[in-house]
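A quick write-up on the structure given underneath.
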Amino acid sequence: MLPVRRALEVLWRVVSVALTVAFVASSSASCGGEVVLAGSSAQTQPPETPTPPAPRLPLMQSLWPRSVGRVVIEVDYGPGAAPYVGAVPGVGNTWNILAANARRLFQGSGKSLVIPSTLGEMQRIEVTGRDFTLEDLVAITRRTRNNVSTAATATFHVIFLDGYYVDAAGVRRTDLLGGHLEGMGVIVVFKPVVASTAANAAAWVPAVVEQATLVHELGHAVGLVDGGIAPVRGHHDVAHPHHCTSNMCVMNAWNEGASAAAAFVARVTATGNSVLFDDACLEDAAAAIAAAR
Ligand SMILES: [Zn+2]
Ligand SMILES: [Zn+2]
């Protein structure tokens, strides 16, 4: 559909498209924290680059008004990359984790949420290859996204891929669990990295890590922390931009690798609290909701 494509192209040009690392899932040399990889950021463009007229607001700034009554999360998966579904001990349906956190994030907003929980509610897409550049990811969402945001509906597009992100330097990032395309409401999960958290862990760990990855990226996609919505109190980890200083919060930078991610989810599941955001992050969302009234 041309309008969809055109809107995405505008966003692609205008918004500084960045792929944000969800968690560093290995204890390799990349443990310095989450990496924000600029796609077409301002510093890579000459100053004379023409700016397209009338750019749309990035999603994280446009979704809060009460007039946006619905939030739809579309989930697509490539061959060999189907999301974990079904029961997880102590959690019930795996996708309850994302749903519970999205509900809590938007609490008081009056928005209705549409989130799938079974593979039947998700779409299998044709994707080839094992390595995905930023341009590949943009091309995939352009080709496969069925829902576009309107004045009344904000949409997110989640894509599960059986492969890895290849960064601007051409390096295959086997440590990267997921990312998001800034301003576009697109979340990507790199399945082999998620699956790698099964090593020396309880059977349910990869499924919960996968859900935590989705929650983390949804947090970024809606503007946490200081990524479109302003922090109410000082919890922005400036050393790891757009992350939360609390290590009890899903928006923490997770710089200790897969074992830390697994430990976090085990800790949170043990508390019986399915909300992975801390109070500071929830406060930011509540303030955005209140300001948009
Ligand atoms: Zn992050
Ligand atoms: Zn937080």
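Whatever order the structure lists ligands and atoms in, that order sets their numbers, starting from 1.
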Quiz item: Is the Zn ion (ligand 1) less than 2.8 Å from at least one N/O/S atom of His216?
Solution: yes
Quiz item: His235 and Thr245: side-chain donor and acceptor closer than 3.5 Å?
Solution: no
Quiz item: For the residue pair His220 and His180, does the interplanar ring angle fall in the parallel (under 30°), tilted (30 to 60°) or perpendicular (over 60°) class?
Solution: parallel
Quiz item: Do Asn147 and His157 meet the criterion of a side-chain donor-acceptor pair at a distance under 3.5 Å?
Solution: no
Quiz item: How wide is the angle at the Zn ion (ligand 2) between SG of Cys249 and OD1 of Asp278, to the nearest 10°?
Solution: 90°
Quiz item: For Leu137 and Tyr165, which heavy atoms make the closest approach, and how far apart are they?
Solution: CD1-CD1, 4.0 Å
Self-check item: His220 atom (N/O/S) at minimal separation from the Zn ion (ligand 1)
Solution: NE2
